[in-house]
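Below is one structure, written out as structure tokens; comments come after it.
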There are 2 protein chains.
Amino acid sequence: MSAGEDIPEAYAAPIAALAEEMARHGRARAAPVREVMALLGDRWTTLLLIVLSIGPWRHAALRRAVARLSAEQKISQRMLTLKLRALERDGFVLRSISGDVPPRVAYALTPLGEGLAGQARGVVDWVNAQAEAIHAARAVFDAAEGD
Amino acid sequence: MSAGEDIPEAYAAPIAALAEEMARHGRARAAPVREVMALLGDRWTTLLLIVLSIGPWRHAALRRAVARLSAEQKISQRMLTLKLRALERDGFVLRSISGDVPPRVAYALTPLGEGLAGQARGVVDWVNAQAEAIHAARAVFDAAEGD
DNA sequence: CAGCATCCTCGGCGATACTG
DNA sequence: CAGTATCGCCGAGGATGCTG
């Protein structure tokens, strides 16, 4: 039952608090960080959310818009469908179909999804704003190791 | 040179603006979203940043603290070193050594790193706050597909 | 046009053993 | 104790072809 064996005394409390906060939701295994990673920790979802925050999209157009923002690299339609499904499942995206064949599908953010998109934008904008500092640090580091 | 062929007229402008904003830093290939993903889009970095925001850590203790917060699953020391190096390279983490053998290494966030950790906390906290809504939506979705 | 099934590639990550 | 080297696994993700 020993809590955090070699964790410094002073850090035990905040760590325990975090651990409890993370265990509160879900059944033990589902730490929020994990959920965030499962949500945004992949190659496309963040970008997808940002594009979706512009407005509702049809599948094909969405694919092209994403390509424009990812150095012209296209997301495979398999992945697009997969990621959209995941977002739909968690209540971030609403999928509406009109017409049977050919199907006419539209994707739009729900209010919840707009909240998540806002968070994503926040992080991206922050990184964007710090880009110079980051690249400067990187240059220093790379120069130092190669001497 | 046709910009975004089948992208809806009304969306062309915001997409172009985003594209330009993303191309501003780095040399074309480095879209901020990409950088964010390369930074936070892996299994450990976000969690690492949050733990580091508590204070400076020694390597071994940090490993144990991370384990506490990830459902007791340990990060391999190889990955810990790798991720810390990446964060150090970009100026988010400062690594200080005292003593040769055995080495005594301490890791701490730089001011820049604290900014990034704050962003990470923001997203995690938001997801945490919306956990109920997310799980509810997920339950509805799962129930609907299995009928 | 949107989606699913299939097959395959590739790199993130873990396990282990070894150095200073 | 911190770091590196080597090996091997596994799953995210790409390509293609077929259906409604």
Side-chain angles (χ1 to χ4, degrees), chain A residues 5-8 33-34 36-48 52 56-67 70-89 93-108 141 144-145, chain B residues 5-8 33-34 37-48 52 56-67 70-89 93-108 141 145:
Chain A
E5 321 236 13
D6 266 302
I7 294 178
V33 185
R34 280 297 200 247
V36 174
M37 305 286 58
L39 243 47
L40 304 175
D42 64 75
R43 197 169 174 182
W44 297 111
T45 304
T46 299
L47 186 53
L48 216 48
L52 280 168
W57 289 89
R58 305 270 324 277
H59 182 109
L62 180 55
R63 245 190 108 193
R64 280 180 223 109
V66 168
S70 62
E72 300 302 330
Q73 175 154 22
K74 264 202 192 140
I75 179 177
S76 65
Q77 94 290 44
R78 177 174 169 272
M79 275 302 118
L80 182 54
T81 301
L82 237 59
K83 297 307 171 189
L84 283 169
R85 273 265 192 280
L87 288 173
E88 189 193 358
R89 183 166 113 102
V93 161
L94 195 65
R95 175 165 162 271
S96 34
I97 316 123
S98 61
D100 194 31
V101 46
R104 208 171 171 79
V105 185
Y107 296 94
F141 184 93
E145 68 170 358
Chain B
E5 322 235 11
D6 266 302
I7 293 178
V33 185
R34 280 296 201 248
M37 304 286 60
L39 244 46
L40 304 177
D42 63 73
R43 197 170 174 180
W44 297 111
T45 304
T46 299
L47 185 53
L48 217 47
L52 280 168
W57 290 87
R58 305 268 327 275
H59 182 109
L62 179 54
R63 245 191 109 193
R64 281 178 224 112
V66 168
S70 62
E72 301 303 329
Q73 175 153 23
K74 264 203 189 139
I75 178 176
S76 65
Q77 95 288 46
R78 177 174 169 271
M79 275 302 117
L80 182 55
T81 301
L82 236 58
K83 297 308 171 187
L84 283 169
R85 273 264 193 280
L87 289 173
E88 188 192 0
R89 184 167 111 101
V93 161
L94 195 64
R95 173 165 163 274
S96 33
I97 316 125
S98 61
D100 195 30
V101 46
R104 208 173 172 78
V105 185
Y107 295 95
F141 185 93
E145 68 170 358

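The side chain to side chain contact (heavy atoms under 4.5 Å, CB included) test applied to B:Arg95 returns B:Arg85, B:Glu88, B:Ile97, B:Val105, B:Tyr107, not counting sequence neighbours. Residues forming a side chain to side chain contact (heavy atoms under 4.5 Å, CB included) with B:Ala86 (at least two apart in sequence, or on another chain): none. Contacts of A:Thr45 classified as side-chain hydrogen bond (donor to acceptor under 3.5 Å, both in side chains), with partners at least two apart in sequence or in another chain: A:Asp42. By the side chain to side chain contact (heavy atoms under 4.5 Å, CB included) test, B:Leu39 pairs with B:Asp90, B:Phe92, B:Leu116, sequence neighbours left out. Residues satisfying the side-chain hydrogen bond (donor to acceptor under 3.5 Å, both in side chains) criterion with A:Arg89, sequence neighbours excluded, are B:Asp142.
Looking at every heavy atom in both residues, B:Ala67 comes nearest to B:Lys74 through CB-CG, 3.8 Å. Closest of all the heavy-atom pairs between A:Leu47 and A:Ser70 is CD2-CB, 3.7 Å.
For the pair A:Met37/B:Arg43, no side-chain contact is recorded, criterion being any heavy-atom separation below 4.5 Å from C-beta on. At least one side-chain heavy atom of A:Val66 sits under 4.5 Å from a side-chain heavy atom of A:Leu48.
Note on the helix from C:dC1-D:dG20 to C:dG20-D:dC1: angle between the axes of the first and last five pairs equals 40°, rounded to 10 degrees.
Residues from residues 79-86 of chain A lying near DNA chain D, meaning a heavy-atom separation below 4.0 Å, are A:Met79, A:Lys83 in numerical order.
For the pair A:Gln77 and A:Trp44, both in contact range of DNA chain D, the more 5′-proximal nearest nucleotide belongs to A:Trp44.
Note: A:Ile75 CD1 to A:Thr81 OG1 = 8.5 Å, rounded to the nearest 0.5 Å. Rounded to the nearest 0.5 Å, atoms CD (B:Gln77) and CG (B:Leu82) are 10.5 Å apart. In this structure, A:Arg63 CZ and A:Arg58 CZ are separated by 14.0 Å, a value rounded to the nearest 0.5 Å.
As judged by a 4.0 angstrom heavy-atom cut-off over every strand, B:Arg63 is placed among residues making no nucleic acid contact. Residue A:Arg104 is out of contact with every strand shown, counting any heavy-atom pair closer than 4.0 Å.
Mapping heavy-atom proximity under 4.0 Å, the span of DNA chain D touched by chain A runs 5' to 3' from D:dG13 to D:dG20. The nucleotide range of DNA chain C contacted by chain B, defined by atoms under 4.0 angstrom from heavy atoms of the protein and reported 5' to 3', is C:dC13 to C:dG20.
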List the steps, then state whether side-chain contact (heavy atoms from CB on, under 4.5 Å) holds for B:Leu40 with A:Leu40.
CA-CA 9 Å; B:Leu40 304 177; A:Leu40 304 175; over 6 Å; no

